[in-house]
Amino acid sequence: MPAKKPAVEKARSVLPSGRKDNNFFEQVYEVARLIPRGRVTSYGAIAAFLGPKGSARMVGWAMNGAGKIKPKVPAHRVVNRQGMLSGSAHFGSPTRMAELLKKEKIKVKNNQVVEFAKHFWDPAVELEI
DNA sequence: TTGTTGACCTCTT
DNA sequence: CAAGAGGCCAACA
């Protein structure tokens, strides 16, 4: 298998403190970047893909610094299990996330992704572990 | 230092 | 069928 990419060091460099390995956060950022345009995934899906414990909340925390790190992480493609834009309030503007998704040809209604199951991108399946 | 909060999910009543 | 509580790990006060 190919060696790991330097994204680890890069992510650590931009992390709030880089005090720990942040391996979990790295994975979250990497997976988020791998989300194709016009597709969406859920926090729990990423958490479950990274580990059986599924700390979905940590995925949200990781996304908290998504706009601070580089390359830019498409956090707007990550929503909750219901397909609701729960993180829209953290995009600076409440409609920022919805607009971004609309540009991705994804229909959004009431801060909720339409046909969410259809646009759902499961890392465990697409990445074929 | 401990305690609470948080872009969540799943089980139980 | 609907509502409530618990659990996960990390950062902030």
Side-chain angles (χ1 to χ4, degrees):
Chain A
M1 77 183 263
K4 263 323 192 173
K5 67 293 297 125
V8 173
E9 298 181 1
K10 206 170 220 174
R12 182 173 59 185
S13 182
V14 293
L15 278 164
S17 299
R19 48 176 67 174
K20 297 198 173 182
D21 297 339
N22 299 308
N23 196 335
F24 189 82
F25 286 69
E26 301 161 18
Q27 295 284 5
V28 174
Y29 296 139
E30 187 172 350
V31 172
R33 286 191 223 115
L34 291 175
I35 301 174
R37 178 174 167 279
R39 291 291 175 112
V40 288
T41 187
S42 60
Y43 304 95
I46 298 174
F49 170 70
L50 298 180
K53 308 209 176 226
S55 311
R57 291 187 124 174
M58 291 298 79
V59 179
W61 269 126
M63 288 290 143
N64 191 358
K68 299 173 185 146
I69 71 174
K70 269 132 188 196
K72 203 162 107 189
V73 178
H76 60 275
R77 291 178 187 160
V78 183
V79 294
N80 64 359
R81 203 50 157 165
Q82 300 177 343
M84 293 165 66
L85 312 184
S86 49
S88 59
H90 289 268
F91 271 78
S93 291
T95 55
R96 183 73 173 272
M97 191 172 181
E99 291 298 318
L100 289 171
L101 287 173
K102 283 183 179 179
K103 292 181 186 296
E104 303 278 332
K105 306 302 180 202
I106 298 177
K107 296 176 185 176
V108 179
K109 197 86 169 181
N110 280 338
N111 283 353
Q112 187 173 351
V113 177
V114 181
E115 300 288 303
F116 173 68
K118 205 171 195 171
H119 296 291
F120 183 73
W121 183 82
D122 191 349
V125 175
E126 301 298 326
L127 299 180
E128 288 191 62
I129 26 177

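Worth saying up front: this structure is predicted, and the values here are computed from it rather than measured. All values below come from the heavy atoms of this structure, side chains included, with hydrogens, waters and symmetry mates left out. Below, chain A is the first sequence line, B the second, and so on; all start at residue 1.
- Under the 4.5 Å side-chain criterion, counting only non-hydrogen atoms from C-beta, A/H76 is in contact with A/P74.
- Distance A/N64 CG to C/dA10 C1': 11 Å, rounded to the nearest Å.
- As judged by a 4.0 angstrom heavy-atom cut-off over every strand, A/A89 is placed among residues making no nucleic acid contact.
- When all heavy atoms of A/F116 and A/N80 are compared, the closest pair comes out as CZ-O, 3.8 Å.
- Summarising the geometry, the separation between CD1 on A/I69 and P on B/dA7 is reported as 18 Å, rounded to the nearest angstrom.
- Closest heavy-atom contact between A/V78 and A/Y43: O-OH, 3.3 Å.
- Sorted by residue number, the list of members of residues 102-111 of chain A with any non-hydrogen atom under 4.0 Å from DNA chain B is empty.
- When the C1' atom is compared between C/dA3 and B/dA7, the two are found 23 Å apart, to the nearest whole Å.
- Between A/W61 atom CH2 and B/dT4 atom P the separation is 16 Å, expressed in whole Å.
- The side-chain contact (heavy atoms from CB on, under 4.5 Å) search around A/W61 returns A/M58, A/N64, not counting sequence neighbours.
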Pair assignment for DNA chain B - dot-bracket with | for other-strand partners, Watson-Crick or G-U under 3.5 Å: .|||||.||||||
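- Comparing B/dT4 with C/dG6, their C1' atoms sit 16 Å apart, to the nearest whole Å.
- To the nearest angstrom, P of C/dC9 lies 15 Å from CG of A/N23.
- In this entry the distance linking CG of A/L85 with C1' of B/dA7 reads 10 Å, nearest Å.
- A/S42 meets the side-chain hydrogen bond (donor to acceptor under 3.5 Å, both in side chains) test with A/R81; sequence neighbours excluded.
- For A/S88, the side-chain contact (heavy atoms from CB on, under 4.5 Å) partners are A/L85, A/M97, A/N111, not counting sequence neighbours.
- Between A/V31 and A/W121 there is a side-chain heavy-atom pair separated by less than 4.5 Å.
- Proximity of A/V79 to A/M84: side-chain heavy atoms (C-beta onward) are nowhere separated by under 4.5 Å.
- Going from atom CZ of A/F25 over to atom C1' of B/dG6 covers 12 Å, rounded to whole Å.
- For A/Q112 and B/dA7, the CD to C1' distance is 16 Å, given to the nearest whole Å.
- Side-chain atoms of A/F49 and A/T41, non-hydrogen and from C-beta on, never get closer than 4.5 Å to each other.
- Of all heavy-atom pairs spanning A/R33 and A/K72, the tightest one is CG-O, 4.4 Å.
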Give me the distances for all protein-to-nucleotides 8-10 of chain B N/O pairs that come in under 3.5 Å?
{"unit_1": "B/dC8", "atom_1": "OP1", "unit_2": "A/S86", "atom_2": "OG", "d": "3.1"}
{"unit_1": "B/dC8", "atom_1": "N3", "unit_2": "A/R57", "atom_2": "NE", "d": "3.2"}
{"unit_1": "B/dC8", "atom_1": "N4", "unit_2": "A/R57", "atom_2": "NE", "d": "3.1"}
{"unit_1": "B/dC8", "atom_1": "N4", "unit_2": "A/R57", "atom_2": "NH1", "d": "3.4"}
{"unit_1": "B/dC8", "atom_1": "N4", "unit_2": "A/R57", "atom_2": "NH2", "d": "2.5"}
{"unit_1": "B/dC9", "atom_1": "OP1", "unit_2": "A/R81", "atom_2": "N", "d": "2.5"}
{"unit_1": "B/dC9", "atom_1": "OP2", "unit_2": "A/R81", "atom_2": "N", "d": "3.2"}

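- As rounded to whole Å, 12 Å separates atom C1' of C/dG7 from atom CE of A/M58.
- Across all non-hydrogen atoms, the minimal contact from A/M63 to A/A32 is CE-CB, 3.6 Å.
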